[in-house]
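What follows is one structure encoded as structure tokens, with my remarks underneath.
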Amino acid sequence: MHEPATLPEDLGRFFVTRANARDVEGLVALYEPDAVLATPAGPAVGTAAIRAAFVRMLADRPTFTPGRPQPTLRSGELALTSTRLDDGATTAEVARRQPDGTWRWVLDQPRFAVPPTS
């Protein structure tokens, strides 16, 4: 069993820990069943597609670092989380409070590339 996120801010920390452990099921557990994950190949919608996206992503054995979490914005049962990564890229995620009080992502826009420099 994977530890649930009791705060939306837990999700990013859990992501890094589980991704570095190559724990695909632990990563999938961070998302609602109908969540949407942006990937370079296009949106991954739902548990099966998100699982497949993480299997592909982790096949290259990348290493993830925590980055700098940005302040969480909350509105009722929704929260916008964001992290500035070490390479300057930024992530943006929308989490929803679940009926049991835990949090899961419903939308995830990770940035896999460094933003262009001027």
Side-chain angles (χ1 to χ4, degrees):
M1 184 73 163
H2 295 96
E3 181 180 357
T6 57
L7 298 169
E9 294 84 357
D10 292 339
L11 292 164
R13 180 172 49 86
F14 288 168
F15 180 92
V16 170
T17 300
R18 295 172 189 184
N20 285 333
R22 312 293 182 250
D23 181 359
V24 171
E25 293 309 314
L27 291 170
V28 171
L30 299 174
Y31 295 83
E32 288 190 354
D34 294 325
V36 178
L37 169 66
T39 74
V45 180
T47 300
I50 290 171
R51 180 179 293 109
F54 285 133
V55 166
R56 285 189 304 274
M57 179 184 73
L58 295 177
D60 292 335
R61 304 192 61 76
T63 299
F64 295 84
T65 57
R68 290 182 320 210
Q70 302 303 297
T72 299
L73 299 175
R74 291 189 193 199
S75 178
E77 304 300 305
L78 297 176
L80 175 66
T81 58
S82 180
T83 300
R84 171 123 5 226
L85 304 175
D86 292 341
D87 65 3
T90 302
T91 71
E93 307 85 22
V94 175
R96 183 178 2 239
R97 186 187 331 258
Q98 305 300 296
D100 66 359
T102 62
W103 291 82
R104 294 172 86 182
W105 281 323
V106 66
L107 299 170
D108 185 359
Q109 175 64 65
R111 302 283 264 183
F112 295 112
V114 177
T117 58
S118 324

*Closest contact, heavy atoms only, Ala5 versus Leu11*: CB-CD2, 3.6 Å
*So, for Gly26 and His2, which heavy atoms are closest and what is the spacing to 0.1 Å?*
CA-NE2, 3.3 Å
*So do Gln109 and Ser82 actually touch side chain to side chain, heavy atoms under 4.5 Å?*
no
*Check whether Trp103 and Val28 end up in the same hydrophobic cluster, where Ile, Leu, Val, Met, Phe, Trp and Tyr are linked by side-chain heavy atoms less than 4.5 Å apart.*
yes
*Which heavy atom in Pro66 sits nearest to a heavy atom in Thr83, and how many Å separate them?*
O-CG2, 3.3 Å
_Hydrophobic cluster membership, Val94 vs Leu30, 4.5 Å side-chain cutoff_ = no
*Would a distance-only check, ignoring hydrogens and angles, find a side-chain to backbone donor-acceptor pair under 3.5 Å from Arg51 to Val24?*
no
*asked:* Can you confirm whether Arg96 is buried at CZ, in the sense that more than 12 heavy atoms of other residues, nucleotides or ligands lie under 6.0 Å from that atom?
replied: no
*Can you find a heavy atom in the side chain of Glu3 that is under 4.5 Å from one in the side chain of Asp10?*
no
_Minimal non-hydrogen separation, Pro4 against Thr102, with atom names_ = CB-CG2, 3.6 Å
*Taking all non-hydrogen atoms of both residues into account, name the closest pair between Ala19 and Leu27 and its distance.*
N-CD2, 3.8 Å
*Are any of the side-chain heavy atoms of Leu37 and Trp105 separated by less than 4.5 Å?*
no
*So, do Arg74 and Pro8 sit near enough that their side-chain heavy atoms are less than 4.5 Å apart?*
yes
*Shared hydrophobic cluster for Leu73 and Leu107 (ILVMFWY, side-chain gaps under 4.5 Å)*: yes
*Atom pair CD (Gln98) and CD (Glu77), whose distance is rounded to the nearest 0.5 Å*: 9.5 Å
*Which atom pair, heavy atoms only, marks the closest approach of Arg84 to Thr90?*
NH1-OG1, 3.3 Å
*Answer whether the closest heavy-atom distance between the side chains of Arg18 and Glu25 falls below 4.5 Å.*
no
_Atom pair CD (Glu32) and CG (Asp108), whose distance is rounded to the nearest 0.5 Å_ = 12.5 Å
*On the 0 to 90° scale, with breaks at 30° and 60°, tag the Tyr31-Phe54 ring pair as parallel, tilted or perpendicular.*
tilted
*asked:* Does any part of the side chain of Glu93, heavy atoms only, come nearer than 4.5 Å to the side chain of Thr91, both counted from C-beta?
replied: yes
*asked:* Just so I know, are the side chains of Asn20 and Thr63 near enough to count as touching, which here means a heavy-atom distance under 4.5 Å?
replied: yes
_Criterion side chain to side chain contact (heavy atoms under 4.5 Å, CB included) against Phe64, the qualifying member of Leu85, Asp86, Leu58_ = Leu58
*Out of curiosity, does Phe15 fall in the hydrophobic cluster containing Val55 (side-chain heavy atoms, cut-off under 4.5 Å, transitive links)?*
yes
